S.K.: 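Have a look at this one.
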Amino acid sequence: MTSDERMPTPDEFLFGNGARVEDYFIRRTPISEVICTIEDGQEYSLLISNQELFEGVRARLLELGVRIVERQFSSPGTRPG
């Protein structure tokens, strides 16, 4: 996005291509949150480089009640239970 382009609203960004709330979820780890989408059964991470847009999109998704997936890291050399 160049400086003369208008930043989309969170709703334009999320739903401008026909996506639905059900198509999104937030993956949380101890060090990050990633906004993800599901298309044709595949999960994709949305890489949003504009911090203001990311925060707006994240806030809007939380407001809409999207699913949150918590992921914990395991220690090196250990296997999950």
Side-chain angles (χ1 to χ4, degrees):
M1 182 165 40
T2 62
S3 61
D4 58 338
E5 290 182 63
R6 182 183 73 80
M7 185 170 58
T9 67
D11 282 343
E12 289 170 341
F13 182 86
L14 292 166
F15 309 116
N17 66 350
R20 303 166 301 154
V21 172
E22 299 81 20
D23 298 328
Y24 293 100
F25 67 96
I26 295 175
R27 180 177 294 125
R28 282 188 181 155
T29 71
I31 60 170
S32 70
E33 286 188 334
V34 178
I35 297 169
C36 301
T37 186
I38 301 172
E39 279 186 38
D40 299 322
Q42 296 291 316
E43 293 181 4
Y44 298 94
S45 297
L46 295 180
L47 304 177
I48 304 172
S49 61
N50 181 298
Q51 188 66 27
E52 183 180 350
L53 180 59
F54 171 81
E55 289 174 6
V57 166
R58 179 184 157 279
R60 182 65 174 136
L61 287 172
L62 291 172
E63 183 179 279
L64 293 169
V66 298
R67 179 171 56 106
I68 297 173
V69 176
E70 301 276 348
R71 294 277 167 97
Q72 299 299 319
F73 294 125
S74 57
S75 300
T78 62
R79 294 184 350 194

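The structure presented is a predicted model; accordingly, all values stated were derived computationally and were not measured.
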S.K.: The criterion is side chain to side chain contact (heavy atoms under 4.5 Å, CB included); which residues satisfy it with Tyr44, sequence neighbours excluded?
M.R.: Thr37, Glu39, Gln42
S.K.: With Arg28, which residues qualify under salt bridge (charged side-chain N to carboxylate O under 4.0 Å, His left out), at least two apart?
M.R.: Glu33, Glu70
S.K.: Within the 4.5 Å heavy-atom criterion, are Phe54 and Phe13 side-chain neighbours or not?
M.R.: no
S.K.: Of all residues at least two apart in sequence or in a different chain, which pass the side-chain hydrogen bond (donor to acceptor under 3.5 Å, both in side chains) check with Arg67?
M.R.: none
S.K.: Can you check whether Val66 reaches Val21 side chain to side chain, under 4.5 Å on heavy atoms?
M.R.: yes
S.K.: Please give me the minimum heavy-atom distance between Pro30 and Arg71, naming the atom from each residue.
M.R.: CD-O, 3.2 Å
S.K.: Only counting residues at least two apart or in another chain, list the ones meeting side chain to side chain contact (heavy atoms under 4.5 Å, CB included) with Glu22.
M.R.: Arg20
S.K.: With rounding to the nearest 0.5 angstrom, report the CZ to CZ distance, Arg60 to Phe15.
M.R.: 6.5 Å
S.K.: Taking only residues two or more places apart in sequence, or in another chain, which ones meet Ser49 in a side-chain hydrogen bond (donor to acceptor under 3.5 Å, both in side chains)?
M.R.: none
S.K.: About how many Å separate CG of Leu14 and CG of Leu64, when rounded to the nearest 0.5 Å?
M.R.: 8.0 Å
S.K.: Does Glu63 form a salt bridge (Lys or Arg N to Asp or Glu O under 4.0 Å) with Arg58? I'd like the steps, not just the answer.
M.R.: CA-CA 9 Å; Glu63 183 179 279; Arg58 179 184 157 279; over 6 Å; no
S.K.: List in chain and number order the residues that pass side chain to side chain contact (heavy atoms under 4.5 Å, CB included) with Glu52, two or more places apart in sequence or in another chain; answer none if no residue qualifies.
M.R.: Met7, Asn50
S.K.: State the CD1-CG distance between Ile35 and Leu61, to the nearest 0.5 angstrom.
M.R.: 5.5 Å
S.K.: Are Leu62 and Val34 in one and the same hydrophobic cluster, where Ile, Leu, Val, Met, Phe, Trp and Tyr link if side-chain heavy atoms are under 4.5 Å apart?
M.R.: no
S.K.: Identify, with sequence neighbours excluded, every residue that meets side chain to side chain contact (heavy atoms under 4.5 Å, CB included) alongside Glu55.
M.R.: Gln51
S.K.: Within the structure provided, determine whether Glu43 and Cys36 are in side-chain contact (heavy-atom separation under 4.5 Å).
M.R.: no
S.K.: Please report the interatomic distance CZ(Arg27) to OG(Ser45), rounded to the nearest 0.5 Å.
M.R.: 5.5 Å
S.K.: What heavy-atom pair brings Pro8 and Leu53 nearest, and what distance separates the two atoms?
M.R.: O-CD1, 3.5 Å
S.K.: In the hydrophobic cluster built from side-chain contacts under 4.5 Å, what are the other members alongside Phe25?
M.R.: Ile38, Val69
